[in-house]
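This report concerns only the one structure given below.
Values below: every heavy atom of this structure, side chains too, minus hydrogens, waters and symmetry copies.
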Amino acid sequence: MATPLTAVPGSDLLGVIMREHRDGLVSYAEKMLGDRGLAEDIAQEAIIRAWRNIDRLLGMEGSVRGWLFTVTRHLVIDGVRKPHARREIAGDAYNDPVSGTDGTEAVHNRLVVRPLLRKLSAEHRAVLVHIYLCDRTIQETAGILGVPVGTVKSRQHNALRKLRAAVRPEAA
């Protein structure tokens with residue numbers, strides 16, 4: 001049962017609200033959003049709003065829990081409606097706009113990567129170029145090279161092992 005806020009000393013109000021309502025708010029928001037991290041952010045914002053409106057909450061006749069759930073629902077709706085709410089899903093490729101514009105990657109590839117790739121056989125080099133430099137999957141690489149997926153995997157493994165040995169001879 002919820003502790004009446006009027007019975008709690010002022011310095012403990014935020015702690016009581018957090019302890020008694022946070023988990024319920026997170027669960028409620030997560031059911032609507034399907035994203036635990038975003039639900040935790042929304043619950044935190046609802047609690048911050050409760051803290052900012054504590055005088056209003058202390059004087060109201062209704063339930064603090066009901067007020068918090070209403071605020072949470074409104075935050076979820078507002079968040080979903082915002083154009084920037086259509087976020088990338090974790091695991092999608094991230095393109096850093098800075099790294100592609102200054103030419104650093106091209107210089108690094110020319111000075112470091114190319115000489116290392118020359119130390120590999122043509123088959124091993126082709127696999128690494130397709131997978132890492134062309135950003136292809138193992139299945140796509142196998143189709144392009146006309147070899148089985150297992151062959152691509154073993155060539156990738158062996159090529160990386162050879163590159164590690166070339167870069168750090170003590171690791172070999």
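When hydrophobic clusters are built by joining Ile, Leu, Val, Met, Phe, Trp and Tyr residues whose side-chain heavy atoms come closer than 4.5 Å, directly or via intermediates, Val71 is grouped together with Val64. Under a hydrophobic-cluster definition in which Ile, Leu, Val, Met, Phe, Trp and Tyr are linked whenever side-chain heavy atoms come within less than 4.5 Å, directly or via other members, Leu145 and Val149 are assigned to the same cluster. In the hydrophobic cluster analysis, where Ile, Leu, Val, Met, Phe, Trp and Tyr join through side-chain heavy atoms closer than 4.5 angstrom, Val26 is grouped apart from Met18. Linking Ile, Leu, Val, Met, Phe, Trp and Tyr residues whenever their side-chain heavy atoms come within less than 4.5 Å places Val167 and Val127 in a single cluster.
Sorted by first and then second residue, the ring pair (Phe, Tyr, Trp, His ring centres under 6.0 Å) pairs with a member in residues 145-165 form an empty list; sequence neighbours excluded. The ring pair (Phe, Tyr, Trp, His ring centres under 6.0 Å) contacts involving residues 24-47 comprise Tyr28-Phe69, where partners must be two or more places apart or lie in separate chains.
Every residue meeting the side chain to side chain donor-acceptor pair (under 3.5 Å) condition with Arg136, not counting sequence neighbours, appears here in chain and number order: His130. With sequence neighbours left out, Asp23 forms a side chain to side chain donor-acceptor pair (under 3.5 Å) with no residue at all. Thr137 meets the side-chain contact (heavy atoms from CB on, under 4.5 Å) test with Gln139, Glu140; sequence neighbours excluded. A search for side chain to side chain donor-acceptor pair (under 3.5 Å) contacts involving Gln44 returns nothing, not counting sequence neighbours. Legend: residues meeting side-chain contact (heavy atoms from CB on, under 4.5 Å) with Glu45, ordered by chain and number and at least two apart, are Ile48, Arg49, Arg52, Leu75. Under the side-chain contact (heavy atoms from CB on, under 4.5 Å) criterion, Ser27 pairs with Lys31, not counting sequence neighbours. In this view, Arg36 and Glu30, Glu40 satisfy the side chain to side chain donor-acceptor pair (under 3.5 Å) rule, not counting sequence neighbours.
For the pair Leu160/Leu128, a side-chain contact is recorded, criterion being any heavy-atom separation below 4.5 Å from C-beta on. Residues Ile17 and Leu68 are in side-chain contact: their nearest non-hydrogen atoms beyond the backbone lie under 4.5 Å apart. A 4.5 Å side-chain heavy-atom check between His124 and Lys162 finds at least one atom pair inside the cut-off.
Interatomic distance, Tyr132 OH to Leu117 CG, rounded to the nearest 0.5 Å: 11.5 Å. Note that CD1 of Ile131 and CD of Gln156 are 4.0 Å apart. Values are rounded to the nearest 0.5 Å. Leu38 contributes atom CG, which lies 10.5 Å from atom CE of Met32 (distance to the nearest 0.5 angstrom). Considering CG of Leu33 and OG1 of Thr72, their distance stands at 10.5 Å, rounded to 0.5 Å. Put simply, OG on Ser63 and NE2 on His21 are 7.0 Å apart, with the number rounded to the nearest 0.5 Å. The CG atom of Leu116 lies 11.5 Å from the CZ atom of Arg125; values are rounded to the nearest 0.5 Å.
Counting all heavy atoms, side chain and backbone alike, Leu120 lies closest to Ala159 at CD2-O, 3.9 Å.
Under the 3.5 Å distance criterion, with hydrogens and angles disregarded, a donor-acceptor pair is assigned to the side chains of Arg161 and Asn158.
Side chain of Thr70 to main chain of Gly66: a donor-acceptor pair is present (N/O by atom type, distance under 3.5 Å, no hydrogens or angles).
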